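Remarks on the structure that follows.
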Amino acid sequence: MSGWLVIGLMWAVTYPARLLGLSLGRLNLPPFWLAFLRFVPVSVFAALVVPDVLGSPEWPRRIVGALAGGLLMWRSRNLALGILGGFAAYWAARLAGL
């Protein structure tokens with residue numbers, strides 16, 4: 001199978017789904033669905049982060065970094081500070097032998 005055919009088939013599968021998602025932006029949803037959809041970004045973030053943190057052999061260090069980064073982001077509302085603080089806490093835990 002040629003590369004262009006694979007790219008074309010991938011486009012044919014993904015483009016309609018993305019177009020549908022973009023066209024839903026004009027809908028007026030009931031309050032139940034608006035409240036439900038508010039939690040989607042948090043759950044997607046948790047689904048991406050938790051397996052990587054807990055599924056690693058160095059999970060105690062990663063938990064320290066994730067908690068420190070999450071706390072910094074929550075208190076400061078600054079993504080860069082949270083990321084840098086999380087990395088710093090991870091490396092501090094690693095250097096401390098945790």
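Note that the structure is predicted; figures quoted are calculated from it, not measured. Quick note: numbers below take in every heavy atom, side chains included, and nothing from hydrogens, waters or symmetry partners.
For the atom pair Ile83 CD1 and Asn78 CG, the distance stands at 9.0 Å (nearest 0.5 Å). A distance of 10.5 Å separates CG in Leu98 from OH in Tyr90, rounded to the nearest 0.5 Å. The distance from the CH2 atom of Trp4 to the CG atom of Leu9 is 13.5 Å, given to the nearest 0.5 Å. Rounding to the nearest 0.5 Å gives a distance of 5.0 Å between CG of Leu72 and CG of Leu81.
The heavy-atom pair separating Ala68 from Gly85 by the smallest distance is CB-O, 4.4 Å. The minimum heavy-atom distance between Pro60 and Pro57, with the atom names listed, is CD-O, 4.3 Å. Heavy atoms only, all atoms of each residue included: Ala89 and Val64 are closest at O-CG1, 3.9 Å.
Using a 4.5 Å cut-off between side-chain heavy atoms of Ile, Leu, Val, Met, Phe, Trp and Tyr, with links allowed through other members, Ile7 and Trp11 fall into different hydrophobic clusters. One hydrophobic cluster, built from ILVMFWY side chains closer than 4.5 Å, holds both Leu37 and Val44. In the hydrophobic clustering of this structure, Leu34 does not group with Phe39; members are Ile, Leu, Val, Met, Phe, Trp, Tyr whose side-chain heavy atoms approach within less than 4.5 Å, directly or through other members. Residue Leu79 is not grouped with residue Leu71 when hydrophobic side chains (ILVMFWY) are merged at heavy-atom distances under 4.5 angstrom, including chains of intermediate members. A continuous path of Ile, Leu, Val, Met, Phe, Trp and Tyr side chains, each step under 4.5 Å between heavy atoms, connects Ile63 with Val49, placing both in one hydrophobic cluster.
Under the 30°/60° scheme for interplanar angles, the aromatic rings of Phe36 and Trp33 are found to stand perpendicular.
Distance alone, capped at 3.5 Å, places no donor-acceptor pair between the Ser56 side chain and the Asp52 backbone. A donor-acceptor contact shorter than 3.5 Å links the side chain of Ser43 to the backbone of Val40.
Around the OH atom of Tyr15, the shell of radius 6.0 Å holds no more than 12 heavy atoms that belong to other residues, nucleotides or ligands.
Applying the salt bridge (charged side-chain N to carboxylate O under 4.0 Å, His left out) test to Arg61 and every residue at least two apart in sequence or in another chain returns Glu58.
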